[in-house]
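Note sheet for the following structure.
Reckoned from all heavy atoms, side chains included, excluding hydrogens, waters and symmetry mates. Predicted model, so just to flag it, every value in this text is computed and none were measured. Labels below follow one simple rule: chain letters A, B, ... track the order of the sequence lines, proteins then strands, and each chain is numbered from 1.
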Amino acid sequence: MGIGRDDTPGLSGRMVYFQTQTVPIAESQERMDPPYEKSRLYALRHSAAHLMAQSVLQLFPDAKLTIGPPIDNGFYYDIDFGDETFGDSELERVEEKMRENASRDLPVAREELTRNEAKERILTLRQDPYKLELLDDIPSEDEITFYTQGDFTDLCRGPHVDSTGEIQHFKLLSVAGAYWRGDEKNKMLTRLYGTAFETAEELEQHLINLKEAKKRDHRVLGRQLGLFTFSKSVGPGLPLWLPKGTIIRDVLCGFLKEEQVKRGYQPVVTPHIGKKELWEKSGHIETFKEGMFPFMERDESETFVLKPMNCPFHIEIYKSEMRSYRDLPIRYAEFGTVYRYEQSGELAGMLRVRGFTQDDAHLFVTPEQLPQEFKGVVELTVFVLEKLGLKDYWMRVGTRDAEADKFIGSDEVWRVAEEAIVKACDEMKLDYRVDVGHAAFYGPKLDLMIRDAIGRVWQMGTIQVDYNLPERFDMEYTGEDGKPHRPILIHRAPFGSLERMIALLTEQYAGAFPFWLAPVQVVILPIADRHVEYAQSVRCGLLEADQKLRIEIDDARDTLGKKIRKNEMQKIPYMLIVGDKDVANQTVSVRDRDDGDLGPKPLDEFVALIS
RNA sequence: GCCGGCGUAGCUCAGUGGUCAGAGCGGCUGUUUUGUAAACAGCGGGUCGCGGGUUCGAAUCCUGCCGCCGGCUCCA
């Protein structure tokens, strides 16, 4: 069962942000009609990329240009600076030079050339090897165009704005490394990111939004709210869950467990390590070794492996007995903690860690049961996301790239599995996008994708159809005909992982978790010491109404204002303020996290409010 | 892993070659007993990420490592 991250082609732009808690990113206005790719803003950003390239060449004449497209919220240009280091200070110099070139208001001219002319042009210009390679890739039926502004000419499809003077409201944002053609075997280029807008106000707003997004970053909130921490001594990517974060985990697990019991899942528990031979048999060592922690070797005869997935263990449970078609479907569920040696540069707070807990389950089904069971899992996954209040997700069908060697099993088996997923999705009228090459190594999958606060795309839940592992493990059940048959395996995790899910929930809610998830649901604030006793009786009264309520009493010797501020920043759904008046009238003064002071109420009225 | 940036008190940050390294918040102690987003005073708290180097002198400059951040690549 895998979780992963994906930068979806065409949406790979950085700097997307939540405008408000509820407005979906995809509807940020620049993406509305006309389509972004045809909009003037798109051309403006494309031209901004050219302006940047022009300015770079004026400052670094030996730089070699590669590609520089507009992206969701801006643009970039990948440039080969040779041995020269290009950092933030260089970026500032380039931005200054851009303003200079913009103010010169250079007209932008388009011209169309033949292939030979184009080649000659590139050679006479700067002998950019990358541009020659790009030229070779232009299909013969496409026209070849160059755009020129002042001393700068670039091979480019366009379109562009008419003059550099139109590019007024821009800012360069960051420097990053990027491999030529996205292949790590190729040379690493320097990618310059920037953004541009039609108006100063839009640019300003964008920059403000970027700052705002940081405030809802789960790493910031995770610290402020006491959800989790990392320790250098423990190791990178190995999270430590604090008491409040653990409550959220437990609540989520409890919720899902209950739903799974209703749907016929059986909980199982398996160890964290297993013998190397098991992982050889499963194909993990063949296809997934890079993602695994170093093996534990006691001596030549015995090597153990820290599990990167739970599936082989669940398969062994299946195999512990003879199975009949009457037993199927069998659904084994486990909150299984797995370990993956992610590359150091890939770790990202709780969104990508090296040890994480999957809400994993494996369903063993007959071919006849596959469609229904697959749909049942999709239904559960959608149900779970609705309950969590996540709405801005989309679905991706990950299929095999037949060229790649990282997949196990025959073409036929893959064809069947991929067809099964696509057919089920179509029948359920799901809106999905197919992504070739994003399958699990053992089978195709349906993934639920979502963005984080700063616009990065992550995979949450996943449902995977697998004909390969049953074969590798020689799994069987006895059919109605008395003969052995092979079950099909569905791997699935509606959350994906608790770590990533809680990180995303934290960002979606900006830390203000809904009542049922909030680590502390109610905090009682006695105004003075003499009210503490009453506060305790209020807590008892609440617990009588609901034993599971998570209640704290803030009896610190602070002023009321201080206590309110402190607990407000902890985003606790309700504060119950109790002072002399409340003791006299047997009330609690309710303060709602969103609506503020609701005034004094008898306790049972408050209980009714939260029930 | 690769490119770039960053690393000063528990947290947020100031200090960029020259007195014993600073602030706010948090913590502790005392005073205050408080009615809807920060009471007042005092006190603690730092091998300036770690190691090596340059220098009369390094938090500050150079270098190796570790960690974090933004990308890229990989990824079930």
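Across all strands, A:G87 comes closer than 4.0 Å only to sugar-phosphate atoms, never to a base (heavy-atom distances). Residue A:G596 is out of contact with every strand shown, counting any heavy-atom pair closer than 4.0 Å. Within 4.0 Å of A:N567, counting heavy atoms only, lies no atom of the nucleic acid at all. A:A348 comes within 4.0 angstrom of no nucleic acid atom, judged by non-hydrogen atoms across all strands.
With both pairing distances under 3.5 Å, B:G17 is matched to nothing as a Watson-Crick or G-U wobble pair. Pairing partner, B:C2: B:G71, with both Watson-Crick or wobble hydrogen-bond distances short of 3.5 Å. Partner assigned to B:G35 is none, using Watson-Crick or G-U wobble distances below 3.5 angstrom. Across all strands shown, B:C50 pairs with B:G64; the Watson-Crick or G-U wobble distances both stay below 3.5 Å. Checking B:A41 for Watson-Crick or G-U wobble geometry (two distances, each under 3.5 Å) identifies B:U29 as its partner. For B:G57, there is no paired base (Watson-Crick or G-U wobble, both distances below 3.5 Å). Nucleotide B:A9 forms no Watson-Crick or G-U wobble pair with any nucleotide shown, as no partner meets the under 3.5 Å limit on both distances.
You'll find a donor-acceptor pair under 3.5 Å spanning the side chain of A:D582 and the base of B:G35, going by distance alone. Side chain A:Y179 to base B:G1: a donor-acceptor pair is found below 3.5 Å. The base of B:G70 does not come close enough to the side chain of A:S174 for any donor and acceptor atom to sit less than 3.5 Å apart. In terms of polar N and O atoms assigned as donor or acceptor, the side chain of A:R340 never comes within less than 3.5 Å of the base of B:C74 in a complementary pairing.
The listed nucleotides are B:G4, B:A37, B:G26; the one nearest the side chain of A:R591 is B:A37. The side chain of A:A528 lies closest to B:U34 when the candidates are B:G70, B:U34, B:A37. Considering only the side chain of A:S589, B:G35 comes nearest among B:A39, B:G70, B:G35. Each of B:G35, B:G4, B:C74 was ranked by its minimum atom distance to the side chain of A:Q343; first place goes to B:C74. With distances taken from any side-chain atom of A:V175 to the nucleotides B:G4, B:U36, B:U34, the minimum falls on B:G4. Comparing B:A37, B:G35, B:G70 by their closest approach to the side chain of A:A176 singles out B:G70. Side-chain proximity of A:L560 to the nucleotides B:G1, B:G35, B:G70 is greatest for B:G35. Each of B:C74, B:A38, B:G70 was ranked by its minimum atom distance to the side chain of A:K562; first place goes to B:A38. Residue A:D88 places its side chain closer to B:G4 than to any other of B:G4, B:G1, B:C72. Side-chain proximity of A:T559 to B:U34, B:G70, B:C75: nearest is B:U34.
Comparing B:U34 with B:G49, their P atoms are spaced 47 Å from each other, to the whole Å. When the P atom is used for both B:U16 and B:G4, the distance is 26 Å, rounded to whole Å. The separation of B:G35 from B:A39, taken at their C1' atoms, amounts to 15 Å, rounded to a whole angstrom. Nucleotides B:A21 and B:U63, compared at atom P, are 27 Å apart to the nearest Å. B:U47 sits 16 Å from B:U60 when the P atoms are compared, rounded to a whole Å. Comparing the C1' positions of B:G18 and B:A59 gives an interatomic distance of 13 Å, to the nearest angstrom. Rounded to whole Å, the P atom of B:C61 lies 13 Å from the corresponding atom of B:G15. When the P atom is compared between B:G22 and B:U36, the two are found 40 Å apart, to the nearest whole Å.
Rounded to whole Å, atom P of B:C74 lies 11 Å from atom CE of A:M188. Nucleotide B:C3 holds its P atom 16 Å from the CD atom of A:E90, rounded to whole Å. Per the geometry, CZ belonging to A:R352 stands 6 Å off C1' belonging to B:C75, to the nearest Å. Atom CG of A:L576 is separated from atom P of B:G35 by 18 Å (rounded to the nearest Å). Counting to the nearest Å, the C1' atom of B:C74 and the NZ atom of A:K406 are 8 Å from each other. Look at CE on A:M460: it is 22 Å from P on B:C75, rounded to the nearest Å. Atom CD in A:E184 sits about 12 Å away from atom P in B:G1, given to the nearest Å. Rounded to a whole Å, the CZ atom of A:R219 is 7 Å from the C1' atom of B:C69.
Neither side chain, A:K581 nor A:S589, offers a donor N or O lying under 3.5 Å from an acceptor on the other. Side chains of A:D582 and A:Y534: a donor-acceptor N/O pair is absent below 3.5 angstrom, by distance only.
The 5' end of RNA chain B is approached more closely, in terms of each residue's nearest nucleotide, by A:R354 than by the other of A:A178 and A:R354. Nearest-nucleotide positions on RNA chain B for A:E290 and A:V590 put A:V590 closer to the 5' end.
The neighbour count for A:K571 NZ, taken as heavy atoms of other residues, nucleotides or ligands under 6.0 Å away, is above 12.
Distance check: A:H284 NE2 to A:L469 CG gives 7.0 Å after rounding to the nearest 0.5 Å. With rounding to the nearest 0.5 angstrom, the CG atom of A:L207 is 7.5 Å from the OG1 atom of A:T195.
When the side-chain nitrogen and oxygen atoms of A:R530 are compared with OP1 and OP2 of B:U34, one or more of them lie within a distance under 4.0 Å. The side chain of A:K214 contributes no N or O atom lying less than 4.0 Å from OP1 or OP2 of B:G70. Residue A:S344 places at least one side-chain N or O under 4.0 Å from the OP1 or OP2 atom of B:G1. OP1 or OP2 of B:G26 has not a single side-chain nitrogen or oxygen of A:R223 nearer than 4.0 Å.
Using a 4.0 Å cut-off between charged side-chain N and carboxylate O, A:R396 and A:D447 make a salt bridge. Ion pair A:D580/A:R530 flagged as a salt bridge, since at least one NZ, NE, NH1 or NH2 atom sits closer than 4.0 Å to an Asp/Glu carboxylate oxygen. With salt bridges taken as basic N to acidic carboxylate O contacts below 4.0 Å, one links A:R472 and A:E286. Salt-bridge check for A:E568 with A:R565: failed, with every basic side-chain N at 4.0 Å or more from each acidic carboxylate O.
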Original post:
Given A:H491 and A:T462, is the side chain to side chain contact (heavy atoms under 4.5 Å, CB included) satisfied, shown in steps?
Top reply: CA-CA 8 Å; A:H491 312 240; A:T462 182; over 6 Å; no

**OP:** Let me see the working for A:Y130 and A:I67 under side chain to side chain contact (heavy atoms under 4.5 Å, CB included), right down to the final yes or no.
**Re:** CA-CA 8 Å; A:Y130 303 100; A:I67 55 166; over 6 Å; no

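The stretch residues 230-240 of chain A comes close to RNA chain B through A:K232, A:P236, each having a heavy atom under 4.0 Å from the strand.
In terms of the ring-ring contact (aromatic ring centres under 6.0 Å, His included) criterion, A:F288 has no residue partners (sequence neighbours excluded).
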